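The shown structure was predicted, so the numbers you read here are calculated from the model rather than taken from an experiment. Position 1 is the first residue of the sequence; numbering continues from there.
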Amino acid sequence: MAFSAEPAAEEAEEEALPPVTGPGEVTAEEWRRWGTSSPLPAAVAAVVGELLEMEAEAGQKMRFGGVGSKIKGDFKDMEDKKHRAVYQTLADSDKKLQYFSARQIACRLLGSRGYLCQKCWLPMEDCMCAKLGSCNLWQGIRFWLYMHPKDFLRQNNTGKLLWQVFGIQAAPLCLFGIQEHEDIMWDAFQRSGKGKVSFLYPNKSTTPMSVKDLKFDGLNLSCDHPEEDVKDEPFNFVLLDGTWSNSAALYRRLKERWTAIWGEEDIPCISLSTLSASVMHKLRPQPAWDRTCTAAAASGLLWELDMRSELGAFELGKQAEAVECSLDVLLDALTARRLRLGRSITRKQRHNRNCI
């Protein structure tokens, strides 16, 4: 079964956002409030600076709207010419990717100021933070949210729920194309060793694996002292967090880095053997019935880990239930918002029997 990616963006109703009213440059503290413990990426800071400089020269406030906080109005044409000119000067494909990602993230940061809650990524009037519960993730594992920049600060993104429930250390965010983020993630993989890394992206390994095939070598699985269950580094699970079309780019970049570090073409991907449709399917259908959202994939993984007898003491089932509860809260918040704005709460069916 396929999982670990968000469906295509069909929330495209235009929604005008207020003019940028923030204090100017994005600070390290403001950056961390959006759900990361990393330093502010240099490329993102540079693009923010360029946008603010252009705004000052133009003598008009930037305006954003629609999915992804896109720049609107006359300023859009000016910025478009500017970023295309910069893009043409970048001969290296990796530099182009980094600039693309930084620009996407910078626009979302500036366009969301004073509009989205920095914790739940919903409009302030729809903030769901008070309804979300927290839970400790078993220290023997860590989730990595490898997120496409077009999903960053997206209201119906479900990957954000993992660090809202488990905390940013247990479920850190890694943004695709952001060098600092990717280096932090791969440094953690190298500390753990390649035997403690798995990617939730099915049908890609030469020898497909399931949760039953995972080996938790180097972890103390004694039930006598479950709070002392970790020896050295945790097992790393990577969830590809983006639309189904964008997840292919995420996978290729992961594979390139894996091969560069460990010299192997085949990266360790796992599939879940039991996976039901996410509750989010009611509002935002997947391209096929056997696909689900990122948070539901994480919950499914936790349930299958809980079925392994040697992990029974770590209450992974309760941790899975915490993720499922957070999905219910997100669905309720998004549904209530759509009803208040007079929008439909059902989405166009997009199932394709030929999807893999």
Which donor-acceptor pairs under 3.5 Å do side chains of residues 173-180 form with protein atoms, sequence neighbours excluded?
| from | atom 1 | to | atom 2 | distance (Å) |
| --- | --- | --- | --- | --- |
| Q179 | OE1 | Q98 | NE2 | 3.1 |
| Q179 | NE2 | D183 | OD1 | 3.0 |
| Q179 | NE2 | D183 | OD2 | 3.4 |
| E180 | OE2 | A42 | N | 2.9 |

Does any donor atom in the side chain of Q88 or R84 lie under 3.5 Å from an acceptor atom in the other side chain? no
Among F314, W138, F216, which one satisfies side chain to side chain contact (heavy atoms under 4.5 Å, CB included) with L305?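 Going through the options one by one, the only one that passes is F216.
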How long is the gap from [atom1] on [X] to [atom2] on [Y], to the nearest 0.5 Å?
X    : Y    : atom1 : atom2 : value
S37  : I184 : OG    : CD1   : 6.5 Å
I267 : W262 : CD1   : CH2   : 11.0 Å
T294 : L200 : OG1   : CG    : 9.5 Å
K255 : C269 : NZ    : SG    : 9.0 Å
L334 : L339 : CG    : CG    : 11.0 Å
I105 : W31  : CD1   : CH2   : 5.0 Å

Student check: side-chain heavy atoms of [X] and [Y] closer than 4.5 Å:
X    : Y    : answer
F64  : I71  : yes
F100 : P149 : yes
Y99  : V47  : yes
W258 : V197 : yes
D306 : L311 : no
F235 : K215 : no
E324 : W303 : yes
I270 : D213 : no

If you count every heavy atom of other residues, nucleotides or ligands that lies below 6.0 Å from M124 atom CE, does the total exceed 12?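 For M124, atom CE is crowded (more than 12 foreign heavy atoms under 6.0 Å).
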For N136, does the CG atom sit with more than 12 other heavy atoms under 6.0 Å from it, leaving out its own atoms? no
With distance as the sole test, does [X] use its side chain to make a donor-acceptor pair with the main-chain N or O of [Y] at under 3.5 Å?
X    : Y    : value
S192 : F189 : no
W186 : L254 : no
S299 : A295 : no
R308 : L214 : yes
R338 : S344 : yes
N236 : K196 : yes

Residues Y146, R253; criterion side chain to side chain contact (heavy atoms under 4.5 Å, CB included); working and verdict: CA-CA 11 Å; Y146 191 45; R253 189 162 177 84; 3.4 Å; yes
Ion pair [X]/[Y], N-O distance below 4.0 Å:
X    : Y    : answer
K212 : E304 : no
D151 : R108 : no
R340 : D126 : yes

[X] to [Y] - nearest heavy-atom pair and separation:
X    : Y    : result
L109 : F152 : CD2-CE2, 3.9 Å
A296 : L327 : N-CD1, 3.8 Å
T89  : V86  : OG1-O, 2.5 Å
M147 : L250 : C-CD2, 4.5 Å
L272 : A297 : CD1-O, 3.6 Å

I'd like to know if M209 and M307 are part of one continuous hydrophobic network [Ile/Leu/Val/Met/Phe/Trp/Tyr, side-chain heavy atoms within less than 4.5 Å].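 Shared cluster, no.
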I'd like to check the salt bridge (Lys or Arg N to Asp or Glu O under 4.0 Å) partners of E265; sequence neighbours left out, ordered by chain and number.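 Not a single residue meets the salt bridge (Lys or Arg N to Asp or Glu O under 4.0 Å) criterion with E265.
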Is there any salt bridge (charged side-chain N to carboxylate O under 4.0 Å, His left out) pair reaching into residues 32-43, and which pairs are they, with sequence neighbours excluded? E29-R33
Result block: side-chain N/O donor-acceptor pairs under 3.5 angstrom for residues 159-172, not counting sequence neighbours:
| from | atom 1 | to | atom 2 | distance (Å) |
| --- | --- | --- | --- | --- |
| K160 | NZ | C120 | O | 2.7 |
| K160 | NZ | Q155 | O | 2.6 |
| Q164 | NE2 | K119 | O | 2.5 |

Start with the C-alpha distance between L122 and R337, add both sets of side-chain angles, then the distance that settles side chain to side chain contact (heavy atoms under 4.5 Å, CB included), and finish with yes or no. CA-CA 10 Å; L122 295 184; R337 176 173 177 78; over 6 Å; no
Excluding sequence neighbours, so at least two apart, what forms side chain to side chain contact (heavy atoms under 4.5 Å, CB included) with M54? F75, M78, E79, K82
Sorted by chain and residue number, the side chain to side chain contact (heavy atoms under 4.5 Å, CB included) partners of D187 (sequence neighbours excluded) come out as Q190, R191
